[in-house]
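Reviewing the structure listed below.
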Amino acid sequence: MRILRAATVTATVTALAAAASGCGGGTSPGGGGSNDSPKTLTYWASNQGPNVEADKKILGPELKKFERRTGIKVKLEVIPWPDLLNRILAATTSGQGPDVLNIGNTWSASLQATGALLPWDKRNLDEIGGRDRFVAPALGATGAAGKDPAAVPLYSLTYALYYNKQMFKEAGISEPPATWDELVADGKKISKDGTWGLGAEGGQLTNNIHQAFALGKQHGADFFDAAGKPTFTSDGAVAAVKQYVDFMAKDQIIAPGNAEYGQNQSLRDFAKGRTAMVLWQAAATTFAADGMKPDDWGVVPVPVPSGTPGTGRQINSMLAGINIAVFKNTHNLDGARKFVKFMTSDAEQKLLNKTYGSVPPVKAAQQDPAFNRQDTKVLRETLTRSAAPLPQVADEAQFETSVGTAIKDLFADAAAGHPVTTESVRARLTKAEQQMAK
């Protein structure tokens with residue numbers, strides 16, 4: 001995932017629900033909207049490929065295919081990740097948005113709380129083939145528990161550990177790490193003479209949250225209690241954040257400069273042989289764009305404290321991914337549902353997820369051999385066995401901002417040579433918890 005503009009996100013989310021509650025319109029059944037403009041749709045796509053232009057080339061032919069089948073012309077805008085959430089939030093408050101849009105699945109409950117998105121009740125889900133077509137973990141990241149989904153899974157992603165085979169060989173390491181102790185030990189063997197064991201995006205708030213969340217699960221922490229109240233200062237949460245930052249502060253396997261990374265620089269370092277490992281989602285297309293061949297790198301599940309990945313304290317990844325949603329006040333409700341059905345069809349799911357290196361959340365599409373490659377197999381198995389969605393609470397966007405910033409500041413402390421202690425971590429997380437209460 002990519003960095004968000006934290007200050008704007010925090011300010012906007014605070015007023016979201018009240019400002020957006022009147023955005024919807026229309027009287028059509030299934031959640032609002034109208035069919036005043038039946039021949040056109042506007043679609044905001046997220047930047048999934050190496051760059052925006054690549055996405056346009058990938059999606060363009062598919063949108064033409066949809067137009068030939070339905071007579072509906074789709075106006076496409078691909079929005080970079082640093083801008084996407086802010087654009088969506090502005091649209092929810094103004095009522096001036098697209099018909100169909102991609103959202104990060106971690107935003108589902110926050111955007112659901114605005115009332116601006118079409119609820120995917122049984123009728124709407126039946127229009128696209130029913131909820132049973134989708135894998136259950138992906139559906140778990142579509143909105144708050146007990147409510148109709150605010151969106152439909154489109155691309156599923158989990159984290160994996162990518163490693164440079166040649167750098168491991170030169171360091172005398174025969175197998176990639178399966179536990180965190182092994183990762184630190186391997187990283188220390190490699191971290192010398194200008195090369196480093198592990199890459200990180202210390203300035204990228206969402207990535208910070210993703211790593212801390214998975215580590216939190218391994219420490220028995222959820223960051224929110226059952227009532228949705230923040231528990232950022234629990235012993236497990238503090239231990240998880242400290243473990244992550246300690247890869248730089250204590251273990252010294254992450255370069256200090258990574259504290260400022262926020263635009264996927266760690267992937268370029270990996271591709272150029274400056275870093276031997278990186279924790280990432282679907283990275284194959286980015287590596288190829290940076291000149292790496294598939295044989296240059298390997299991929300394994302994200303480490304766990306001991307044993308093998310699974311449920312409970314053996315969770316090793318947040319369930320990342322992209323959902324596709326419909327603005328409730330769309331002027332082409334029938335066309336929007338047809339478009340979501342098209343994008344989640346077995347054929348499109350195979351084609352698009354294959355192209356992007358992600359995993360289809362549609363069960364039938366996962367049977368394609370493309371999802372049994374070395375990287376997609378790890379991602380697919382993690383999705384079904386050992387991934388968990390971030391907390392589906394209305395304040396999730398503020399969680400990403402407040403705790404993500406706390407981790408960013410701790411990385412800055414580590415890069416500057418300041419000690420990172422349990423007390424300093426707890427102090428940063430206490431401040432983050434207080435910000436959530438404002």
Side-chain angles (χ1 to χ4, degrees), residues 1-5 43-64 74 76-87 101-106 154-165 199-207 210 258 260-299 320-324 343 348-361 368 370-371 373-380:
M1 303 289 280
R2 284 77 168 176
I3 192 169
L4 304 179
R5 292 177 183 171
Y43 174 42
W44 285 0
S46 50
N47 177 202
Q48 299 301 121
N51 52 61
V52 167
E53 291 305 315
D55 282 307
K56 291 179 181 178
K57 291 179 181 178
I58 291 166
L59 293 172
E62 305 314 303
L63 302 188
K64 287 291 185 183
V74 180
L76 171 68
E77 182 178 357
V78 180
I79 302 177
W81 278 100
D83 303 323
L84 182 59
L85 182 56
N86 290 330
R87 289 282 303 276
L101 67 158
N102 289 0
I103 66 172
N105 68 357
T106 63
L154 182 63
Y155 312 125
S156 287
L157 295 161
T158 59
Y159 278 85
L161 177 69
Y162 294 84
Y163 66 97
N164 184 304
K165 292 181 179 180
E201 299 277 325
Q204 191 179 111
L205 308 191
T206 52
N207 196 295
H210 296 172
N258 284 203
E260 298 180 2
Y261 281 7
Q263 298 292 338
N264 304 346
Q265 294 98 319
S266 61
L267 295 186
R268 290 191 287 275
D269 283 354
F270 181 88
K272 300 303 180 184
R274 294 189 286 264
T275 302
M277 294 178 282
V278 65
L279 297 162
W280 210 260
Q281 299 166 18
T285 55
T286 302
F287 293 158
D290 285 334
M292 288 193 92
K293 299 177 181 178
D295 289 342
D296 293 339
W297 50 269
V299 59
I322 309 303
N323 294 338
I324 188 167
M343 292 292 282
E348 290 302 307
Q349 282 286 290
K350 291 177 185 178
L351 187 153
L352 293 173
N353 282 281
K354 190 184 305 184
T355 301
Y356 287 130
S358 49
V359 178
D368 190 283
F371 306 108
R373 299 192 321 250
Q374 64 157 343
D375 56 334
T376 52
K377 181 180 180 181
V378 171
L379 298 174
R380 174 173 55 81

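Counting only N and O atoms by type, the side chains of Asn105 and Asn323 include no donor and acceptor under 3.5 Å apart.
For the pair Gln349 and Leu154, the minimum side-chain heavy-atom distance is below 4.5 Å. With a 4.5 Å cut-off on side-chain heavy atoms, Arg380 and Ser156 do not count as touching. Looking at Phe270 and Trp280, their side chains never come closer than 4.5 Å, going by heavy atoms from C-beta outward. Side-chain contact between Tyr163 and Lys165: present, with at least one pair of heavy atoms (C-beta onward) separated by less than 4.5 Å.
Taking every heavy atom of both residues into account, Val299 and Ala160 meet most closely at CG2-CB, 3.5 Å. In this structure, Arg274 and Arg268 approach most closely via the heavy-atom pair NH2-O, 4.1 Å. When all heavy atoms are compared, the tightest approach of His210 to Tyr159 is ND1-OH, 2.8 Å. Taking each heavy atom of Ala320 and Gln281 in turn, the nearest pair found is CB-NE2, 3.5 Å. Annotation for Ala282 and Ser358: closest pair CB-N, 4.1 Å, computed over non-hydrogen atoms. Contact record, Pro80 with Val52: CG-CG2, 3.9 Å, taken as the closest heavy-atom pair.
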TODO: Please lay out, stage by stage, how Tyr162 and Leu267 fare under the test side-chain contact (heavy atoms from CB on, under 4.5 Å).
DONE: CA-CA 10 Å; Tyr162 294 84; Leu267 295 186; over 6 Å; no
TODO: Evaluate side-chain contact (heavy atoms from CB on, under 4.5 Å) for Glu348 paired with Leu352, printing each intermediate quantity in order.
DONE: CA-CA 6 Å; Glu348 290 302 307; Leu352 293 173; 4.0 Å; yes
Open item on the list: For a side-chain contact (heavy atoms from CB on, under 4.5 Å) check, start with the C-alpha distance between Asn264 and Thr286, then their side-chain angles and the critical distance, and finish with the verdict.
Closed with: CA-CA 10 Å; Asn264 304 346; Thr286 302; over 6 Å; no
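Looking at Glu260, its side chain never comes within 3.5 Å of a backbone N or O of Gly202 through a donor-acceptor pair. Looking only at distances, no side-chain donor or acceptor of Trp81 sits under 3.5 Å from a matching main-chain atom of Ser46. Counting only distance, with no hydrogens or angles, the side chain of Asp83 and the backbone of Ile79 share no donor-acceptor pair below 3.5 Å. Between the side chain of Thr376 and the backbone N or O of Ala370 there is at least one donor-acceptor pair closer than 3.5 Å. Using a distance-only test at 3.5 Å, with no hydrogens or angles considered, a donor-acceptor pair links the side chain of Asp55 to the main chain of Gln48. Within the 3.5 Å criterion, the main-chain N or O of Asn258 finds no donor-acceptor partner in the side chain of Glu201.
Gln204 contributes atom CD, which lies 9.0 Å from atom CD of Gln265 (distance to the nearest 0.5 angstrom). Separating the CD atom in Glu77 from the CG atom in Leu84 is a distance of 9.5 Å, to the nearest 0.5 Å.
Screening Thr158, Val378, Leu157, Leu379 for a side-chain contact (heavy atoms from CB on, under 4.5 Å) involving Val359 leaves a single residue, Leu379.
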Show the atom names and distances, to 0.1 Å, of all donor-acceptor pairs under 3.5 Å that link a side chain in residues 287-296 to residues at least two apart or in another chain.
residue : atom : partner : partner atom : Å
Asp296  : OD2  : Lys293  : N            : 2.9

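When ring centroids are compared, Tyr356 and Tyr155 come within the 6.0 Å threshold.
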